[in-house]
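Here is the structure we will look at.
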Amino acid sequence: MTTPDRTATSANPAGSPIPITRADCQQRDANDPLRKFRGEFLLPEGTIYLDGNSLGPRTNGSAERAQEVVADEWGTGLIGSWNSAGWWDLPAKLGEKVAGIVGGGAGSTVVTDTTSINLFKAASAALKMQAEDSPHRRVILTQRENFPSDIYMLQGLAEQLDDGYEVRLVDDEEVTAGFPTTMSDEVSLVVLTHVNYRTGRLFDMGTTTSAIHSGGALVIWDLCHTAGALPIDLAGSGADMAIGCTYKFLNGGPGSPAFIWVAEALQNRFSQPLSGWWSHAQPFEMAPDYRPADGIRRYLTGTQGILSMSVAELGLDIHSRVDMEQIREKSLALSDLFIDLVDERLADHPVEVVTPREHAHRGSQVSITHPEGFAVMSALIERGIIGDYREPEVLRFGLTPLYIGFTEVWDTVEALRDILDNRLWDTPAHKVRGAVT
Ligand SMILES: Cc1ncc(COP(=O)(O)O)c(C=O)c1O
């Protein structure tokens with residue numbers, strides 16, 4: 001896709017105008033040290049893919065890896081592949097790779113199940129630890145704007161425990177301020193998503209964790225929107241537990257398994273509520289009594305989707321080779337450019353940037369609102385520029401530095417300008433919603 005090489009001037013934080021041209025963007029792409037990673041992902045010709053924060057694109061070699069698992073490991077190796085192809089060890093092997101990407105430390109992480117299920121396990125284990133140490137604590141705090149599945153899982157767990165547990169929702173501002181009004185000696189657990197999925201607001205893991213610990217509560221971080229998107233120092237932050245998915249910024253594939261990390265000091269106190277045989281100390285003893293494995297295998301439950309897990313490994317391998325600081329630097333440069341261009345070029349339209357402008361509070365996406373957001377996104381997708389829409393009115397654009405460049409950001413905002421200036425969104429076809437938005 002190409003657009004005319006027009007000059008935009010936009011205000012930078014210092015207030016001086018910066019002329020930005022498409023040629024400037026092309027130049028920045030040519031000098032981009034991460035450009036070499038583009039070939040590791042397969043995208044349809046002519047597509048600008050700004051939805052890697054929801055489903056990362058296919059990794060090079062993923063179809064071949066799936067073919068190998070089906071034809072060789074399953075087809076020829078048959079049941080022997082649990083040993084010979086290393087299927088049994090995949091959750092821990094992949095967990096080690098995730099730990100490297102999120103600063104978890106060796107022997108701390110497994111890849112397994114879904115984020116929702118891992119949250120259930122982690123929250124249940126955390127509440128049990130707290131019930132032993134501080135039985136009066138019965139409140140779970142989480143963000144009002146957390147991804148709804150996290151809230152639903154906590155509500156379901158509280159109801160299941162039927163022991164006076166209560167889930168309280170807090171605003172993002174309260175989290176950023178360190179819980180000045182909601183932390184108390186009633187709070188047992190705080191569950192926080194590291195980046196608000198809708199606005200892209202980032203929370204400081206270290207200071208927030210310290211504030212929670214000062215209040216005597218434990219914390220679980222949901223890293224779905226940050227694992228693979230920015231540098232994380234899980235172990236260094238003092239966090240207690242973390243969960244996250246591999247299908248967004250880590251390019252694991254649709255429905256690829258999630259991960260769960262537990263701080264070393266808590267590992268053998270982790271009591272598994274879904275105590276399936278994969279978490280047993282000696283699963284093949286087939287003993288009638290449950291005895292948890294030592295260490296990370298105790299976070300497992302049952303048999304895993306080996307095909308999905310095998311393909312997910314390719315995305316983890318790419319991210320294991322990348323300097324996360326370089327990713328962050330480019331991600332912020334991309335989102336700065338996006339925001340500057342929106343400010344300058346869409347100024348005549350009822351568009352608002354809802355992603356924080358301060359780098360310290362910004363994840364790897366830009367979200368803007370428009371009263372006809374759904375139809376506008378539909379018109380953009382028709383042109384091969386794929387972002388997504390979230391209620392209410394939010395258009396989300398995931399910025400993934402390994403395969404998105406500055407020119408694509410330019411072209412996206414230019415396409416948006418054309419769609420808005422000419423009301424190209426205002427057709428019946430752009431107002432029809434599918435099951436997934
Ligand atoms: C922040 C966050 N948490 C949890 C989930 C739920 O993940 P899953 O469907 O894998 O359980 C998602 C899904 O997009 C998410 O974005």
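Remember, it's 1-based here, ligands and their atoms both numbered in the order they're listed.
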Taking the six-membered ring of Tyr403, is NZ or CZ of Arg38 closer than 6.0 Å to its centre and within 45° of its axis? no
When every non-hydrogen atom of Asp113 is compared with those of Lys121, the smallest separation belongs to OD2-NZ, 2.6 Å
Can the ring centres of Trp277 and Phe284 be said to be less than 6.0 Å apart? yes
Does the separation of the ring centres of His194 and Trp221 fall below 6.0 angstrom? yes
Passing candidate, side chain to side chain donor-acceptor pair (under 3.5 Å) with Lys97, options Thr109, Thr246, Asp317: Asp317
What does the 4.0 Å heavy-atom contact list look like for ligand 1? Thr114, Thr115, Ser116, Phe147, Asp150, Thr193, Asp222, Cys224, His225, Tyr247, Lys248
Does anything in residues 119-153 form a ring-ring contact (aromatic ring centres under 6.0 Å, His included)? List the pairs, not counting sequence neighbours. Phe147-Tyr197
